[in-house]
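Notes follow the structure.
Since we're looking at a predicted model, the values are computed, not measured.
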Amino acid sequence: MLRSPFPALLSVTALTLNLVAPGAIAQPVSGTIVSTGDGDTLRVNQNGQTITIRLACIDSPEASQPGGEAAANRLRQLLPQGQAVQVIPVDADRYGRTVGVVFANGRSVNLQLVQEGYAVVYQQFLSNCPNSRNELIAAENQAKAARRNFWAQANPVMPWDWRQGQRPAPSSSGRSAPAQPAANFPPCVNLDCDCGDFASQAEAQRVFNFFPGDPFRLDRDGDGRVCEGR
């Protein structure tokens with residue numbers, strides 16, 4: 001049996017206690033998913049009112065940068081329309097969005113996205129998660145070491161830098177240095193893959209086994225064996 005590369009995800013109760021600073025009161029918000037946007041934004045229906053949630057303490061790649069589409073797809077997988085969630089608010093941003101930690105099935109989506117390499121720790125706002133910062137940083141270090149998803153790039157640009165116009169430094173040839181796929185996987189793992197991207201079924205199966213949660217939707221019938229026609 002393969003051992004999971006991720007540590008156990010924190011429970012709602014444990015992370016709620018960690019997030020709240022001494023003397024602060026965070027009232028959980030329960031609702032259902034209306035939709036997801038990019039890899040760190042979603043909308044929740046709470047008693048007939050739709051509220052926009054920005055995931056706290058993390059940042060996902062922008063839609064226009066490498067890894068952005070994959071991050072958005074992964075969040076959509078984790079939080080499909082109608083999914084029941086609980087939100088622990090920690091702040092409000094300048095756009096009027098609620099900034100918070102989102103739980104689905106008792107697990108922190110914020111932490112899971114960092115663990116899987118679909119989001120990075122947002123150091124500028126990490127103070128919103130004072131006692132969970134160690135878990136988030138440890139999760140990012142593990143994702144970076146394993147070169148999962150966003151971290152598979154040779155020279156990843158942080159999302160906040162990308163928004164300021166920064167782009168990967170060109171190589172000596174004058175071209176942007178290409179992202180190096182994790183574990184010698186095909187380049188599609190930096191964005192999105194389908195069965196046609198693989199040279200063989202065995203290669204597709206390696207990608208499926210390496211990336212938890214089937215982010216590329218290769219296992220259509222759910223039997224654990226992918227791209228049988230390759």
Side-chain angles (χ1 to χ4, degrees), residues 1-9 36-40 42 55 58-81 83 104-105 107-121 136 138-159 162 168 171 175-230:
M1 178 180 296
L2 293 176
R3 184 180 298 275
S4 170
F6 302 143
L9 293 174
T36 58
D38 57 18
D40 52 37
L42 55 135
L55 296 178
I58 71 172
D59 204 3
S60 71
E62 295 297 306
S64 60
Q65 77 176 112
E69 183 178 356
N73 288 339
R74 182 56 176 148
L75 184 62
R76 191 175 304 115
Q77 287 180 336
L78 293 173
L79 301 176
Q81 186 177 21
Q83 169 73 52
N105 301 314
R107 294 183 170 186
S108 166
V109 174
N110 305 48
L111 180 61
Q112 185 167 354
L113 290 172
V114 174
Q115 288 175 325
E116 295 180 5
Y118 290 107
V120 300
V121 175
L136 289 166
E140 180 178 86
N141 288 338
Q142 291 172 11
K144 187 184 299 186
R147 303 186 68 184
R148 297 186 187 117
N149 296 302
F150 177 78
W151 299 111
Q153 303 172 75
N155 298 296
V157 176
M158 295 300 103
W162 185 278
S171 66
R175 298 180 179 179
S176 296
Q180 298 299 313
N184 296 317
F185 291 145
C188 69
V189 299
N190 292 320
L191 296 171
D192 197 9
C193 292
D194 58 36
C195 290
D197 294 315
F198 303 109
S200 65
Q201 190 279 329
E203 184 179 55
Q205 192 70 43
R206 284 198 305 113
V207 169
F208 172 76
N209 293 340
F210 186 85
F211 293 96
D214 191 18
F216 306 120
R217 307 173 304 284
L218 299 173
D219 189 16
R220 299 289 184 175
D221 55 9
D223 66 353
R225 181 174 172 80
V226 303
C227 302
E228 288 92 340
R230 295 300 301 165

Gln205/Phe198 under side chain to side chain contact (heavy atoms under 4.5 Å, CB included): CA gap, chis, key distance, verdict | CA-CA 9 Å; Gln205 192 70 43; Phe198 303 109; over 6 Å; no

In Å, rounded to the nearest 0.5 Å, how long is the span from CG of Asn105 to CG of Leu79?
-> 9.5 Å

Evaluate the side chain to side chain contact (heavy atoms under 4.5 Å, CB included) criterion for residues Phe150 and Met158: first the C-alpha distance (whole Å), next the side-chain angles of each, then the deciding distance (0.1 Å), finally the verdict.
-> CA-CA 9 Å; Phe150 177 78; Met158 295 300 103; 3.4 Å; yes

Paired with Asp40, the side-chain contact (heavy atoms from CB on, under 4.5 Å) test is passed by just one of Asp38, Leu42, Thr36, namely Asp38

Can you tell me if Gln201 uses its side chain to pair, donor with acceptor, with the backbone of Val226 under 3.5 Å?
-> yes

Approximate separation, where rounding is to 0.5 Å, of Arg147 CZ and Gln153 CD | 10.0 Å

In this structure, which one of Arg74, Gln112, Arg148 forms a side-chain contact (heavy atoms from CB on, under 4.5 Å) with Tyr118?
-> Arg74

Quick one: salt bridge (charged side-chain N to carboxylate O under 4.0 Å, His left out) partners of Arg76, sequence neighbours excluded?
-> none

Inter-residue atom distance Leu111.CG - Glu116.CD, 0.5 Å rounding | 10.0 Å

What are the two closest heavy atoms between Val120 and Pro159, and how far apart are they?
-> CG2-CD, 3.9 Å

Would you give the length of the straight line joining atom CZ of Phe208 to atom CZ of Arg225, rounded to the nearest 0.5 angstrom?
-> 11.5 Å

What one should report as the nearest heavy-atom pair of Trp162 and Val157 is N-CG1, 3.7 Å

For Leu218 and Ala204, which heavy atoms make the closest approach, and how far apart are they?
-> CD1-O, 4.1 Å

Asp197 versus Glu203, closest heavy-atom pair with distance | O-OE1, 4.3 Å

Measuring from Gln65:CD to Ser60:OG, what's the distance to the nearest 0.5 Å?
-> 8.0 Å

Between Ile58 and Leu136, the two heavy atoms sitting closest are CG2-CD2, 4.3 Å

Considering non-hydrogen atoms only, spot the tightest contact between Val109 and Leu78 and give its length.
-> CG1-CD1, 4.1 Å

